[in-house]
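To start, the structure under review is shown below, and the notes come after it.
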Amino acid sequence: MTRLKELRKSKGYTQVKMQILTGIDQSDYSKIENGKRYYTFEQCKRIAIALDTSMDYLAGLTNIDTPYPRCEDNNCPK
């Protein structure tokens, strides 16, 4: 989970700030960041949005930390 911690720090965010942005309790977020707990799909999504990255980057599937284009107001074409 170093990738997650590095990205958070590069944004200048504390774990408390991540709690505010994601709704994930700071102690739970700390466990996720330190690899002591896995995040759910929904938590991963909220973290990716808060850190302006993609879920693929958080999962280690890509080394590109910029997010994919997002749909406005969840108004994605079907």
Side-chain angles (χ1 to χ4, degrees):
M1 287 294 134
T2 31
R3 179 174 280 206
L4 180 58
K5 187 175 190 174
E6 288 171 5
L7 189 57
R8 174 183 61 81
K9 287 188 169 203
S10 75
K11 300 281 183 189
Y13 295 167
T14 63
Q15 289 182 353
V16 173
K17 174 79 172 178
M18 289 302 295
Q19 175 180 327
I20 294 166
L21 293 173
T22 64
I24 301 168
D25 185 73
Q26 183 272 327
S27 64
D28 289 336
Y29 183 84
S30 176
K31 290 174 189 170
I32 291 168
E33 200 172 78
N34 291 305
K36 295 179 180 176
R37 180 179 177 166
Y38 295 110
Y39 41 62
T40 66
F41 178 85
E42 186 59 34
Q43 288 172 327
C44 184
K45 182 177 167 183
R46 286 188 266 155
I47 291 169
I49 290 169
L51 294 175
D52 196 32
T53 192
S54 69
M55 292 171 68
D56 282 353
Y57 180 76
L58 294 178
L61 299 174
T62 182
N63 288 324
I64 300 168
D65 65 354
T66 54
Y68 304 117
R70 294 197 172 111
C71 300
E72 298 286 326
D73 299 321
N74 291 327
N75 192 14
C76 296
K78 298 186 181 191

What distance separates L7 CG from T2 OG1, expressed to the nearest 0.5 Å? 11.5 Å

Under 3.5 Å donor-acceptor pairs involving side-chain atoms of residues 14-23, not counting sequence neighbours:
from, atom 1, to, atom 2, distance (Å)
T14, OG1, V16, N, 3.4
T14, OG1, K17, N, 3.0
Q15, OE1, Q26, NE2, 2.6
Q15, NE2, E33, OE1, 2.9
Q19, OE1, Q26, N, 3.0
T22, OG1, M18, O, 2.6
T22, OG1, I24, N, 3.1

If you look at every heavy atom in L51 and K11, which pair is closest and at what distance? O-CE, 3.0 Å

Give the cluster check for Y13 versus I32: same hydrophobic cluster or not, with ILVMFWY residues linked at side-chain heavy-atom distances below 4.5 Å. yes

Going by side chain to side chain contact (heavy atoms under 4.5 Å, CB included), name the residues that satisfy it together with T40, two or more places apart in sequence or in a different chain. E42, Q43

Could you list the donor-acceptor pairs under 3.5 angstrom formed between side-chain atoms of residues 53-62 and any protein atom two or more places apart in sequence or on another chain?
from, atom 1, to, atom 2, distance (Å)
T53, OG1, D65, O, 2.7
S54, OG, Y57, N, 3.0
D56, OD2, Y68, OH, 2.6
T62, OG1, I64, N, 3.2

Check ion pair K31-D25 (N to O, under 4.0 angstrom): no

